[in-house]
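Report on the structure given below.
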Amino acid sequence: MASERFQALIDNSSDVISLVNAEGQVLYANASTAKVLGYHPEELLGSNGLELLHPQDRDNSVRTIRKVMEVPQSQNRMQARVRQKNGQWLWVESTACNLLDEPGVGAILLNYREIAARKAEEEERHRLTEELTRHNVELQAFAHTVAHDLSEPLRTISGFTELLVRNANLGAEDKELAQFIVQGVRRMSSQLNNLLASATTRFVDSLRPVDLEHAVVQAIQNLNESLTSSAAVVNVESLPTVQGNELDLIRVFQNLISNAVKYRGRTPAVIRISAELAGPDWIIRVRDNGIGISKENHRRVFGLFTRLHNMEVEGSGLGLAVCKRIVEGLGGTIWVESEPGLGSTFSFILAAEPLKISR
Ligand code: ADP
């Protein structure tokens, strides 16, 4: 009675269940074999199960079965394409269980089910990821070329306009107009530099230990003129060494400090730069006492060409987008906490340990 129940269970299982001997010969196949693969169970008896496998999946399956055969009662999983009776290939996932020393069985139990839908999804996901990576690379190369190629004519315009001002007998008004041209070209050139920075691909190989205190000093030196003329104060607390690219991290600090100066309130900017260890990461904070940013713009400010405040302040709307790109390229995140009139704190996370980044 019990054995009839078991037989009914096996016959009605939606999985294909079969027994093969150590040579791979099929000893038994259940009724589902006909539904899933199209073969009558009797047709398969005595045949070599491996011959039904796709040639590309055979070696892997043989390896898995050999491993299972080494240890009695052990089991292992594999995925393979099996030829159906109609000649089509069907992806199946199979579990092989070594019951060779089991009295009354003396075989390897193979249990497999169809996974065509799962495989199709996996393949589609893989295809989309590859396509996205290719598009990204193309887009970066395109932005890089455009920014690079446009810089050259800009240098020519500004060089010749400056020559004109120096050599020609221009009146005061014409000189002023020429000066506007030079200023406009400088602004555009700075925008292109930012665009170029945001399009540059960085590779994991270029990561080095970067002393953030040193990076901040460099950023402050680069901003010396605007910091001095606006009487800004920068307080730098003890900062760690992290894995990164020094020029990139200098740029992050430079953009954040220069924003703190540009978007200061009525009093001179007071900027505090600090670091806090949070588990395996460092949180770096750049706090200012400036005009602040309303909550609905906290995410927006990191977008390309986003500018919130008056256009009299010089800017491209790219500075924070570049910071975001650099920090995210290092596997971190960047965000702002701020309220209008109460200053802003820009924080970003960098890993304390060497990063493992997959691109
Ligand atoms: P840019 O300064 O060139 O306009 P950013 O991408 O650096 O571009 O900043 C985007 C916008 O976010 C700025 O135009 C400004 O409105 C706002 N912003 C950035 N930093 C601050 C800050 N520290 N305080 C207040 N507003 C800021």
Side-chain angles (χ1 to χ4, degrees), residues 1-130 279-280 331 353-359:
M1 189 61 191
S3 74
E4 280 165 15
R5 276 204 196 123
F6 282 127
Q7 190 59 49
L9 267 178
I10 289 171
D11 284 344
N12 290 294
S13 161
S14 57
D15 288 1
V16 173
I17 298 170
S18 62
L19 292 171
V20 298
N21 65 14
E23 284 73 48
Q25 261 182 338
V26 179
L27 306 174
Y28 168 82
N30 73 342
S32 287
T33 314
K35 268 187 270 161
V36 178
L37 298 177
Y39 303 102
H40 246 274
E42 294 81 48
E43 274 182 81
L44 295 180
L45 297 186
S47 69
N48 191 327
L50 284 176
E51 280 167 12
L52 290 182
L53 299 184
H54 192 286
Q56 284 175 9
D57 302 333
R58 240 173 249 171
D59 286 354
N60 193 28
S61 304
V62 169
R63 258 196 307 277
T64 310
I65 291 180
R66 280 214 185 112
K67 235 192 237 160
V68 166
M69 281 170 60
E70 280 166 15
V71 187
Q73 305 290 329
S74 68
Q75 51 176 295
N76 214 332
R77 261 189 212 182
M78 56 200 172
Q79 293 186 348
R81 279 156 288 185
V82 179
R83 197 178 58 240
Q84 293 172 286
K85 187 147 186 185
N86 63 13
Q88 289 184 347
W89 296 105
L90 184 75
W91 270 107
V92 299
E93 182 172 76
S94 140
T95 308
C97 180
N98 179 349
L99 300 179
L100 285 167
D101 67 348
E102 183 86 10
V105 184
I108 294 165
L109 172 68
L110 287 172
N111 179 326
Y112 41 96
R113 66 177 50 169
E114 196 233 314
I115 53 162
R118 206 204 306 168
K119 269 297 184 199
E121 254 175 47
E122 257 175 40
E123 275 165 15
E124 181 63 4
R125 226 181 1 252
H126 183 69
R127 191 186 65 76
L128 285 176
T129 313
E130 282 201 332
E353 293 300 320
L355 291 161
K356 291 184 191 72
I357 302 172
S358 56
R359 276 180 189 276

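With hydrogens and angles ignored, the 3.5 Å screen pairs a side-chain donor or acceptor of Asn98 with a backbone N or O of Val71. A donor-acceptor pair under 3.5 Å links the side-chain atoms of Arg58 to the main chain of Leu50, judged by distance alone. A distance-only check finds a donor-acceptor pair linking the side chain of Asn30 to the backbone of Ile10 [under 3.5 Å]. When atom types are taken as modelled, the side chain of Ser32 and the backbone of Ser13 share a donor-acceptor pair closer than 3.5 angstrom. Looking only at distances, no side-chain donor or acceptor of Ser94 sits under 3.5 Å from a matching main-chain atom of Leu110. Side-chain N or O atoms of Asn111 include none that pairs as donor or acceptor with a backbone N or O of Cys97 at under 3.5 Å.
Atom CD1 of Ile108 and atom CE of Met69 lie 5.0 Å apart (nearest 0.5 Å).
Atom NE2 of His40 has 12 or fewer neighbouring heavy atoms from other residues, nucleotides or ligands inside a 6.0 Å radius.
The shortest distance between side-chain heavy atoms of Asp57 and Trp91 falls below 4.5 Å. Residues Gln73 and Asp101 have side chains in contact (heavy-atom distance under 4.5 Å, counting atoms from C-beta outward). The shortest side-chain heavy-atom distance between Tyr28 and Val26 does not fall under the 4.5 Å cut-off. Residues Leu53 and Val82 have side chains in contact (heavy-atom distance under 4.5 Å, counting atoms from C-beta outward).
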Inset, instruction - List the steps and the verdict of side chain to side chain contact (heavy atoms under 4.5 Å, CB included) for Leu44 and Leu52. - result: CA-CA 10 Å; Leu44 295 180; Leu52 290 182; 4.0 Å; yes

Inset, instruction - Output, in order, the C-alpha distance, side-chain angles, deciding distance and verdict of side chain to side chain contact (heavy atoms under 4.5 Å, CB included) for Arg125 and Glu122. - result: CA-CA 5 Å; Arg125 226 181 1 252; Glu122 257 175 40; 4.0 Å; yes

Inset, instruction - Given side chain to side chain contact (heavy atoms under 4.5 Å, CB included), test Arg83 with Leu90 step by step and report yes or no. - result: CA-CA 6 Å; Arg83 197 178 58 240; Leu90 184 75; over 6 Å; no

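The shortest heavy-atom contact between Thr64 and Arg77 is CG2-O, 3.8 Å.
Between Glu121 and Arg118, no side-chain nitrogen of the basic residue sits less than 4.0 Å from a carboxylate oxygen of the acidic one, so the salt-bridge criterion is not met. Ion pairing of Glu43 with Lys85 is present here, as a side-chain N (NZ or NE/NH1/NH2) and a carboxylate O approach within less than 4.0 Å. Look at Glu124 and Arg127 and you find a salt bridge, because one of the NZ, NE, NH1 or NH2 atoms lies within 4.0 Å of a carboxylate O, short of that distance.
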